[in-house]
Amino acid sequence: MKNSLFKRAFAVAAAAPLALTQCLTVANAASVDNAALAVVANDAATESSNSITLEGENGLTYITPGAGVDDSDDYMVGEDKLADVYETLGDGKFTVTKDSDWNSLVYTKLIGVDKKSGSFSIQSALSEAAKRAGNYQDITNKIIKHVGDVNYVIDDKGNITLTCNVTDIVPEFTEGSKKTIGEVLNDLAAKYGVEIATDDTFSDVTIAGQFTVVINAESLKNDTKVSADVTFTSDKLKQYKGTAIADYGLEQLDALEKDANKAIDEAFEATESEKIADCKAEVADALAYYKKQLNRVKTWSDKALNKTTEKKEYGTFAEALAAAKASRFGQRVENRLNKEIPSTASEAAEKELVNNIYDKIVNQIGKNSSYSLDITTGQLGAFADALYDITAQLSAGTATFSAKFEDKELEDAKAYILETYGLNVTDGYKTVDVTADYSGVKAGTGSVDVKFKRVLEVETTTTTSTTSTTSTSTETTTTTSETTSTTTDTTTDTTTDTTTATETTSSETTTTKVVKTDANYYVTAKTGFYLNIDEKFNKDQIESIYVSIDEVEISYGEAENEKGEKEIVAETVLSKGKGYNITDKVDFGTQTPSSVFKKGEYKFSHDIALYATEDIEVEGKVVAKSGDVLKNVDGSEANVICYVGVKGDGDLNFMADSKDASLVLVWYSKMSTGAKADEEIFSTSNQIATYDENNQKVAREGYDKNLDEFAAFLCDVNNEKAEDNFYIQKPARKIMSNDASFILKLYGKTSTGGNPDRATWDSVLYSSSSTTEE
């Protein structure tokens with residue numbers, strides 16, 4: 001198989017987390033509070049900005065022309081203040097620098113993200129890569145279908161955890177697809193006229209698991225360096241880091257080859273040793289390419305860690321690309337792979353694969369976002385092409401890159417230096433310095449440090465500036481308007497009697513009061529917990545529903561909603577009528593837990609409207625017809641609160657996995673050692689829990705206690721048949737070690753292609769080997 005399958009497909013998968021770290025800061029962000037703004041030195045990063053750009057006042061490369069929020073962010077030479085430095089360049093000039101606070105900007109937006117967890121698909125990106133796989137496009141398309149969504153979670157410190165599940169890809173290699181071991185075995189069977197059994201041959205071998213990337217974005221609070229850790233957890237729950245992930249792949253390929261050879265031995269007589277040897281050699285050849293690629297990963301890491309080059313200098317980015325084209329590596333790429341290295345960064349950015357992958361990932365993450373990441377591939381390409389005085393070097397596990405670029409705020413910076421210090425700026429530019437530390441690549445760790453600076457060349461001669469001042473006088477006229485109050489009485493023969501009073505105050509605010517006489521519904525109900533695989537809500541959740549004809553005063557303001565309706569600012573029940581019990585005449589209509597559940601939407605509670613099952617008549621008037629939603633006099637719907645989620649999902653990330661099993665075991669251990677369930681929080685979801693200075697889990701201030709009870713309900717997996725399961729609280733639950741075992745068993749099935757549906761859960765809970773009672 002060509003490099004296309006590995007290099008393109010896996011490069012795309014690796015690019016997704018990188019794009020995510022850029023976009024999370026703007027996806028679904030809430031307004032940042034004053035406490036968060038206190039860490040921002042860049043005074044251009046205000047709450048009102050709703051866009052992050054490459055340049056400009058909301059840009060990552062922006063550096064405020066003047067001082068920041070305190071004196072320490074003023075212009076400096078080393079650790080000295082500008083005013084204390086007089087000469088460093090000679091010829092009566094010296095250099096001052098000012099650092100960008102892009103990290104504080106990003107960190108502030110990151111901790112202000114409203115949607116702290118979610119997911120996005122990389123299927124479209126992988127499909128773009130597959131189009132370039134040539135003769136191997138069929139098998140590539142089959143493989144990428146096993147790659148799940150990328151899930152992200154941001155903790156309260158700003159750190160980001162990304163996970164992506166890969167279900168078992170072994171069948172794609174063993175069931176006869178082109179360029180696979182399955183095709184080789186089928187060809188050999190035809191060649192020698194024998195039957196080489198493949199149905200159960202590879203049943204014990206799986207290549208599946210979960211990739212986890214932990215990004216230490218907390219460091220952005222005070223630093224420009226971000227580190228990351230990559231782990232692969234196999235379906236057997238064994239963890240691999242760095243180059244050990246390649247070892248895992250080699251182990252599985254060896255297991256495939258061993259099983260294939262066993263099937264060959266069984267297909268031939270022992271005397272047919274030449275045929276057996278020929279078949280085994282064909283199998284070895286079929287797997288040799290894959291093994292070679294995995295071994296290259298390990299070889300590359302060794303070479304990269306030992307590689308040291310002299311510092312290379314280029315006038316422009318185009319020159320750097322030209323040098324790459326002329327290098328031995330560049331010639332190898334162009335000649336062997338028949339691919340031309342782009343001449344400019346803009347040319348590379350315009351390529352369909354690059355553009356589509358970037359845009360599709362950014363669009364998916366930023367969907368329905370309060371903020372937007374307004375940086376296109378074209379802008380990135382143009383920015384790179386505009387760099388000059390470029391230097392680059394490799395040094396045993398560290399790569400460094402630096403360049404200069406135009407300072408778009410130079411004139412304002414000059415004015416600040418002149419006004420503050422009385423000094424002239426003769427020249428200025430910005431620099432970007434990137435340090436990538438990959439010395440921990442074998443252990444799956446690494447870091448990237450990006451710094452932007454402004455550099456100004458300043459004359460030591462002091463200049464006196466004279467400012468001319470113009471004084472303007474403005475006359476203000478105040479106009480007083482007369483206030484009029486109008487009252488209108490309206491009487492109709494319908495169910496509703498309406499009186500309208502309009503009041504206009506001396507300010508510019510108008511309030512309209514309406515008195516209505518109509519049906520109001522009084523609902524008493526438990527908060528209900530349900531699974532997304534449930535097909536109905538429990539009617540027992542509704543304890544009672546009464547209806548009465550009430551007189552209600554409703555006050556409307558001037559503001560209108562999206563439908564053009566006036567905003568209700570106050571409601572007052574003036575008189576309540578006699579109540580009639582209609583509990584037996586109400587249900588949930590066609591609504592079901594499975595129909596209201598939305599994966600990826602992190603609001604688990606739902607207001608479930610109530611419907612009339614027959615005509616409801618009160619005091620001779622029909623207030624609701626059969627099939628109608630019950631609506632109160634103010635137009636609101638009578639409802640009950642229901643929480644809906646995924647069975648076994650204690651951390652509320654829409655999947656039941658090993659982390660949920662661990663959560664259950666921690667809870668079981670606490671309860672077994674005397675902890676009180678009503679005093680402990682159950683879930684590790686960042687909607688519920690946070691961590692103190694000792695890294696101990698504590699309840700997040702103002703958290704939804706029902707949500708934590710709901711998480712416990714989801715993990716009490718073998719209590720589903722209990723009649724009161726949909727509402728009982730933690731102290732009455734028996735969440736034990738076998739709940740963790742069931743979750744792990746379910747995770748094993750879903751990791752290998754199964755769906756966490758009702759049938760799969762039933763097979764886990766109620767098979768002959770399962771214990772269904774605690």
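The residues of the chain are indexed from 1 along the displayed sequence. Note that the structure is predicted; figures quoted are calculated from it, not measured. Only this structure's heavy atoms are used, side chains among them; waters, hydrogens and symmetry mates stay out.
- No donor-acceptor pair under 3.5 Å is formed between the side chain of Thr161 and the backbone N or O of Val153.
- A 4.5 Å side-chain heavy-atom check between Asn151 and Asn653 finds every atom pair outside the cut-off.
- Judged by distance alone, with hydrogens and angles left aside, the side-chain atoms of Thr445 form a donor-acceptor pair with the main-chain N or O of Gly440 at under 3.5 Å.
- For the pair Asn159 (side chain) and Ala217 (backbone), a donor-acceptor distance under 3.5 Å is present.
- Using modelled atom types and a 3.5 Å distance limit, the side chains of Ser402 and Thr391 yield a donor-acceptor pair.
- Panel note: side chain Asp407, backbone Glu409; a donor-acceptor pair is recorded below 3.5 Å.
- Proximity of a side-chain donor or acceptor of Arg454 to a complementary backbone N or O of Thr64 within less than 3.5 Å is detected.
- Contact record, Ala413 with Pro65: N-CB, 3.7 Å, taken as the closest heavy-atom pair.
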query = Please walk me through it: do Val450 and Leu60 pass side-chain contact (heavy atoms from CB on, under 4.5 Å)?
reply = CA-CA 11 Å; Val450 180; Leu60 297 179; over 6 Å; no
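- No more than 12 heavy atoms of other residues, nucleotides or ligands lie within 6.0 Å of NZ in Lys225, so this atom counts as exposed by the packing criterion.
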task = For side-chain contact (heavy atoms from CB on, under 4.5 Å), just list the numbers for Leu162 and Phe211, CA-CA rounded to whole Å, side-chain angles, deciding distance to a tenth of an Å, and then say yes or no.
result = CA-CA 8 Å; Leu162 311 170; Phe211 283 97; over 6 Å; no
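- For the pair Lys98 and Tyr75, the cation-pi test (distance below 6.0 Å, angle within 45°) is passed.
- Between the side chain of Gln393 and the backbone N or O of Thr309, at least one donor-acceptor pair lies under 3.5 Å.
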request  = Report the C-alpha separation of Leu305 and Lys442 in whole Å, then their side-chain angles, then the decisive distance to 0.1 Å, and conclude whether the side-chain contact (heavy atoms from CB on, under 4.5 Å) test is met.
outcome  = CA-CA 9 Å; Leu305 291 173; Lys442 286 190 172 182; 4.1 Å; yes
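- Between the side chain of Lys430 and the backbone N or O of Thr61 there is at least one donor-acceptor pair closer than 3.5 Å.
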key: side-chain contact (heavy atoms from CB on, under 4.5 Å) between Val147 and Gln123, intermediate numbers included   = CA-CA 8 Å; Val147 180; Gln123 281 297 313; 4.1 Å; yes
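- Other residues, nucleotides and ligands place more than 12 heavy atoms under 6.0 Å from the CD atom of Glu319.
- Looking at Thr231 and Asp229, their side chains do bring a donor and an acceptor atom within 3.5 Å of each other.
- The only option from Thr435, Thr431, Thr224 that meets the side-chain hydrogen bond (donor to acceptor under 3.5 Å, both in side chains) definition with Lys451 turns out to be Thr224.
- In this structure, Val226 and Asn216 approach most closely via the heavy-atom pair CG1-O, 3.8 Å.
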